[in-house]
Amino acid sequence: MTTGAPEGLLDALDAYEAALAANDLEALDAAFVDAPGTMRGDDRGLLVGHDAISAFRGARGGVQARSLTRVEVRSLADGLALVVSVSEFAAGGQGLQTQLWRRDGDTGTRTGSGTGTPPRWRIEAAHVTGRPKAFDTTIWRAVGDPLVAPTASGPLDGRTVAVKDLYAVPGQPVGAGNPAYLRESPVQATPAAAVAALLDAGASIRGIARTDEFAYNLTGRNEHHGTPPNGAVPTRLPGGSSSGSASAVRLGMAEIGIGTDTAGSVRVPASYQGLWGLRTSHGAVSRQGLLPLAPSFDTVGWLTRSADVLLAALDASTPSVSATASAAASDEPTELLVPAELVDLVEPAVAQAFAAFVAGQDAPIGSVRLTDLGVPPLEDLRELLRLVQAAEAVAAHGAWIDAHPGALSAVVGDRFAAARANDPAATADAVARLDDVRATIRTALADRTLLFPTVPGPAPLIAADTTALERTRTATTAMTSLASVGGLPAVSAPALTVDGAPVGVCLVGGPGTDRALVIRAGRMLQH
């Protein structure tokens, strides 16, 4: 330990380390200067403000057992000191903490000593370099260099792929986000068709990425493996169920994340993390080798950091479609309309940002009410999606769940329990109506493209409770259900920033317009 530190500083440092070891949230909150400018940074991002730091810490859980092996202190001014310390972790490895400590009474913060308590040292800024990880197990289930090599050379040469843990990958079992399912899952000999297409185009598989259990969630939380980070805003959830794939791409660990989109599981994490995300036309990409959730809605999709890479993944996976669509995509685009009902669902700040985005476009953009086009009300579409998805999810996984009581997390377990409790008559009616409603939606969107915010608002905070997340899920699926029920392509593009967090804009068009939508979205973001 260093000597010559200002009086009381090392005692404050020891108390902070003890609070970390005990995960004493009250003491940890008190250890930081209670001010909007307080900062904490690590490999997942920068937090600014005492409240943001507190929210992050409350959802993180404790730190691994460690001890300080070296502490260096440099006094910068009276009541201000820089502390750099080295941590030795019980499980091996070292970490480094750099902290700016300030003594109460030397700043105008709310924690000043005017309350009758003696002055104390508190952290005003901190940067943490944690114990090195072989790989982040909240993002990855398996990683290689590469995990699977390309099978041919092509337009994706040199690209790396994060594969959602629902697809067959050679030499690996399918885990579906659940440890019990993974233990019993057989090792796959051949890749899923959508994975094979990327390998044949020259891409390599970097690893198998985490997913919400059986893809039956939209938050990205996973009680078994931890929640993948939101690479755009570390205090917020990553979005699911293609959560690991999205986080890997956002953090630069892979260039393409292959996911699935049933009720928004590509579009939602794309919006939450400021990525490009494409839900393809239903059936456009083979689902062979993909563990199903609800086959009537399940689609292959990708997450990328650019429109060009997204187009490359699409072209590699749908070569015959893309070849014929290339010329059409370069023609004058179809009528672009903002659906009033969808914009009515978003938060006020999102509506304001979206209006500014629309006003900044050169091309004419109209407005429409979907019901005037013959589309059923959004609540009806959401309910139809919920009932059919629930019935198909139980059909796909109910027997396994029955044979493994207690294997599911509470949230996903409750969702499957609710699916079983749905009224059989209402479910049968929804199943019977699906084809007609899908045809109606497709007719309404013939020669039209819809433009609207992808989701109601920025990603929920990590600390949000289950009730708040369910409200967000209900509002979100009301917006995503149009493309899901219609079996339509939808691209989410990173266009908006609200409260310092990304929100996507979504373009939805008729079946087979996948490529045209991505190109058009790219052009719109250039303005």
Side-chain angles (χ1 to χ4, degrees), residues 166 176 178 181 212-218 240-241 260-265 267-268 279-284 286-288 290-300 341-342 345 370-371 373-405 407-408 410-445 470-471 473-490 508 510-511:
L166 297 178
N178 183 278
Y181 191 89
D212 296 346
E213 289 173 281
F214 297 104
Y216 209 8
N217 202 4
L218 281 176
S241 61
T260 62
D261 191 306
T262 302
S265 290
R267 290 167 283 167
V268 171
R279 168 199 164 87
T280 53
S281 297
H282 188 257
S286 171
R287 299 191 301 276
Q288 177 272 325
L290 169 64
L291 189 72
L293 175 66
S296 292
F297 310 111
D298 293 346
T299 60
V300 174
E341 296 99 319
L342 285 163
L345 292 174
L370 294 174
T371 51
L373 299 177
V375 176
L378 293 179
E379 180 56 32
D380 290 355
L381 296 182
R382 189 194 71 81
E383 184 66 2
L384 189 152
L385 171 64
R386 184 185 72 83
L387 289 169
V388 177
Q389 180 188 34
E392 294 187 354
V394 171
H397 303 297
W400 186 89
I401 293 169
D402 290 342
H404 299 79
L408 294 179
V411 170
V412 177
D414 288 348
R415 185 152 292 126
F416 273 101
R420 293 179 188 271
N422 286 335
D423 177 47
T427 298
D429 178 66
V431 171
R433 292 174 52 228
L434 175 59
D435 287 346
D436 287 343
V437 174
R438 177 163 290 179
T440 297
I441 294 172
R442 291 184 170 195
T443 298
L445 266 65
E470 282 302 307
R471 286 197 300 267
R473 177 186 174 86
T474 298
T476 301
T477 52
M479 298 187 70
T480 60
S481 61
L482 177 70
S484 294
V485 174
L488 301 175
V508 174

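Residue indices begin at 1 and follow the sequence shown. Since the structure is predicted, the reported quantities are computational estimates derived from the model, not experimental observations.
Listed by chain and residue number, Lys164 satisfy the side-chain hydrogen bond (donor to acceptor under 3.5 Å, both in side chains) test with Thr260 (two or more places apart in sequence, or in another chain). Shown here are the side-chain hydrogen bond (donor to acceptor under 3.5 Å, both in side chains) partners of Ser281, two or more places apart in sequence or in another chain: Asp514. Residues passing the salt bridge (charged side-chain N to carboxylate O under 4.0 Å, His left out) test with Arg415, sequence neighbours excluded: Glu470. For Ala426, the side chain to side chain contact (heavy atoms under 4.5 Å, CB included) partners two or more places apart in sequence, or in a different chain, are Leu387, Asp423. Residues passing the ring-ring contact (aromatic ring centres under 6.0 Å, His included) test with Phe416 are Tyr216, sequence neighbours excluded. Among residues two or more places apart in sequence or in another chain, the side chain to side chain contact (heavy atoms under 4.5 Å, CB included) test is passed with Arg386 by Arg382, Glu383, Asn422. Considering only residues two or more places apart in sequence or on other chains, Thr262 meets the side-chain hydrogen bond (donor to acceptor under 3.5 Å, both in side chains) condition with Asp298. Residues meeting the salt bridge (charged side-chain N to carboxylate O under 4.0 Å, His left out) test with Glu392, sequence neighbours left out: none. Ser286 pairs by the side chain to side chain contact (heavy atoms under 4.5 Å, CB included) definition with Ala193, Gln288, not counting sequence neighbours. A search for salt bridge (charged side-chain N to carboxylate O under 4.0 Å, His left out) contacts involving Asp261 returns Arg267, Arg279, not counting sequence neighbours. Under the rule for a side-chain hydrogen bond (donor to acceptor under 3.5 Å, both in side chains), Gln389 has no partner lying at least two apart in sequence or in another chain. Looking at residues two or more places apart in sequence or on another chain, you find a salt bridge (charged side-chain N to carboxylate O under 4.0 Å, His left out) between Asp402 and Arg420.
Not one N or O on the side chain of Ser241 forms a donor-acceptor pair closer than 3.5 Å with the backbone of Ser265. Checked by atom type and distance alone, the side chain of Asp212 never pairs as donor or acceptor with a backbone atom of Ala215 at under 3.5 Å. Checking side-chain atoms of His282 against main-chain N and O of Ser296 turns up a donor-acceptor pair under 3.5 Å. At distances below 3.5 Å, not a single donor-acceptor pair connects side-chain atoms of Arg287 with backbone N or O atoms of Val300. A side-chain donor-acceptor contact under 3.5 Å links His404 to the backbone of Trp400.
Of the inter-residue distances, the one linking Leu381 atom CG with Ser484 atom OG reads 10.0 Å to the nearest 0.5 angstrom.
Leu408 is listed as a side-chain neighbour of Phe214, based on a closest heavy-atom distance under 4.5 Å. Between Thr477 and Leu218, some side-chain heavy-atom pair lies under the 4.5 Å cut-off. Counting heavy atoms from C-beta on, the side chains of Val437 and Pro376 come closer than 4.5 Å. The side-chain heavy atoms of Ile401 and Tyr181, taken from C-beta on, include no pair separated by under 4.5 Å. In this structure, Val388 and Thr427 have side chains that are not in contact, with every pair of non-hydrogen atoms separated by 4.5 Å or more.
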